[in-house]
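Just below is one structure, and these are the notes that go with it.
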Amino acid sequence: NEIKECDWSSDVCSSDLNTALFQQWKDSLFLDGILDKPEGYLINSMGPENKQVILYGNQARGNYYAVTTLVQLFDGKKNLFYNSDIVDYPDFHGRSYLFAAWQNQEEMERDIQDISRMSLVKLNRAYVGYGQTRGRKDWYAPDELYIKGVQKAGDICRTSGIMDLAIMVNPYYHFDYEMNVDSIPENLRYRFVHANKESLRNLEDVYKIGLDAGARTLMLMADDFVPHEGENRKNYVLYTRKDKDRFINLQNAQAYVINTLDKWLKQNYSGTRLEFCPPWYLNEFIDRSWGRAESYFRDLQAMIPEDLAIVWTGPTVRSLRYDLADFSRYSDLIGRKPMIWDNTLYARGLEGVYGGYPAYYPGKVRLCNLFEPYDVCVPENFLDLVDRKSMYVNGAASSEIYKIKYATVADFEWNTRAYNPEFSLWKVLVNNFGPEAGKHLMEFSDAYYSLKEIIIRSKNPLTHKRHASGKENATHLRQLFNKLQPELKEDTALMRELQKMMNNVLQDFDDLEPEEK
């Protein structure tokens, strides 16, 4: 109750340095460990004789994170407090997650209610995506569901003082994916024209919904939907005569939009962070541009504000590894350290449109994990190579499974060098469900993907050996689900997700016919 009732956006929760208790013990506190560390905090136990624990945080948010950590040190079942001395502060200042694409009022409300839950794992920024409601392409005319959702999210963020609101808009989203300029219908071609004041005013009006709700971060998107010309789909270009006459090329046009937004923000919403996702947002796309991307970036970096954040997904779309060469190449092109946009929470478990897992051959499918922790190989000096003001991890936190994944993301963003993916996931499962249920969840995941492997490897009819193995896995999967039901009786949303996945994979197996004897 105290966590909910305290106004973490004010000074009410600030540490009182004049209390007798603090003055008595301040020399034994490691205050230098969090000096100049935003959101840093410490927890110090004064020993079993004193039965006192001191919490101290930089700013109100530091106090909040100290309390959320303290809560985790209590074991209610054993009536036990795990005495610990902790000094902690985040490596990334902006630690974000993504709202769902709201299909209805219920989904929107659920996302709003989950803001406080996501703040408990120490995430502090929630993005409202583009194409946010009902799969609509008309980004320029947000519907009532979007407007209400943004306003409600802003109210919660402003009241709590813990979570910040961030808004994404892609002014090319009304086009089809990588549309050829010759195939654009006239009613779409002029919907957004870089040289038109009306187009830029429309873009500002969409952002204004979020800004007036309290958003402190805006992302201008130019990914995936900028049209191309010719046979090369990575040859992104301008698509109206007016823009070609005014700007000549895409980089001049997009620099103009960026600078217009930057000036508008500085005049009307000072302190707002502006981020930009360029058309070539990964090294593989740069390779496939046949030199166009290199020219684009060399021109662009000379025209845009120095404090503009430019996002990067790494060497590929879902990069499971970064190396120094990857960083050097992109950083040189953009003229600054990149902001990481990470797509890896669904990298290994990604199912292709034709079924299966395109990133892995069937023998590796069984190595997938339903609760995939954040797991990317980074250079030792990773923190020195990136924009540490923010890191964006993609994947809507609307499902219970993704909430588990995001807890490991927060673990990485707070303590990057000490992060261990498997241990992080285990901590999350035990903290949320207890060790026995955590063990059964991992076994359920293994059984699920073991059955997946048999299905993907198999052809109709199934050999007797594979059919028998599949039946054994199916039985084991059902048994584990039955074990989890009483253990997770209070987590009905997670059980519903697991049951749906189990039913789907069991049906896929049942659809395979065994060979005749």
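A salt bridge does not link Glu487 with Lys483: every distance from a Lys NZ or Arg NE/NH1/NH2 to an Asp or Glu carboxylate oxygen is 4.0 Å or more. Remark: Glu294 engages Arg329 in a salt bridge, criterion side-chain N to carboxylate O under 4.0 Å. Salt-bridge formation is not detected for the pair Lys137/Asp176: no Lys NZ or Arg NE/NH1/NH2 atom is positioned less than 4.0 Å from an Asp or Glu carboxylate oxygen. Between Lys389 and Glu275, no side-chain nitrogen of the basic residue sits less than 4.0 Å from a carboxylate oxygen of the acidic one, so the salt-bridge criterion is not met.
Ring geometry for Phe225 against Tyr173 counts as perpendicular: the plane angle is over 60°, on a 0 to 90° scale with 30° as the lower cut. Note on ring orientation: taking the six-membered ring where Trp is involved, the planes of Phe74 and Phe81 are tilted (angle from 30° to 60°).
In summary, the side chains of Glu39 and Tyr64 do not present any donor paired with an acceptor at a separation below 3.5 Å, with no hydrogens or angles considered. One side chain, Ser390 or Arg125, offers a donor N or O that lies under 3.5 Å from an acceptor on the other. Side-chain atoms of Asp143 and Thr133 include a donor-acceptor pair closer than 3.5 Å. A side-chain donor from one of Asn170 and Asp223 sits under 3.5 Å from a side-chain acceptor of the other. Side-chain contact annotation: Gln113 with Glu109, donor-acceptor N/O pair under 3.5 Å absent. Donor-acceptor pairing under 3.5 Å is lacking for the side chains of Lys427 and Thr408. In the model, Glu453 has no side-chain atom that pairs as donor or acceptor with a side-chain atom of Asn473 under 3.5 Å. Side-chain atoms of Asp511 and Gln507 include a donor-acceptor pair closer than 3.5 Å. In this model, a donor atom of one side chain and an acceptor atom of the other lie less than 3.5 Å apart for Arg366 and Ser450. Side chains of Asp342 and Tyr374: a donor-acceptor N/O pair is present below 3.5 angstrom, by distance only. Residues Asp111 and Trp102 have side chains that bring a donor and an acceptor to within less than 3.5 angstrom of each other.
Aromatic ring centres of Trp280 and Tyr296: separated by under 6.0 Å.
No option in Tyr127, Trp312, Phe92, Tyr97 other than Tyr127 meets the ring pair (Phe, Tyr, Trp, His ring centres under 6.0 Å) test with Tyr392. Tested against Asp88 for a side-chain hydrogen bond (donor to acceptor under 3.5 Å, both in side chains), the candidates Tyr65, Trp414, Tyr41 yield a single pass: Tyr41. Looking at Asp164, Asp387, Asp307 one by one, the single match for salt bridge (Lys or Arg N to Asp or Glu O under 4.0 Å) with Arg273 turns out to be Asp387.
Between the CG atom in Asn283 and the OG1 atom in Thr316 there is a gap of 9.5 Å [rounded to 0.5 Å].
The number of heavy atoms from other shown groups lying within 6.0 Å of CZ (Arg233) is above 12.
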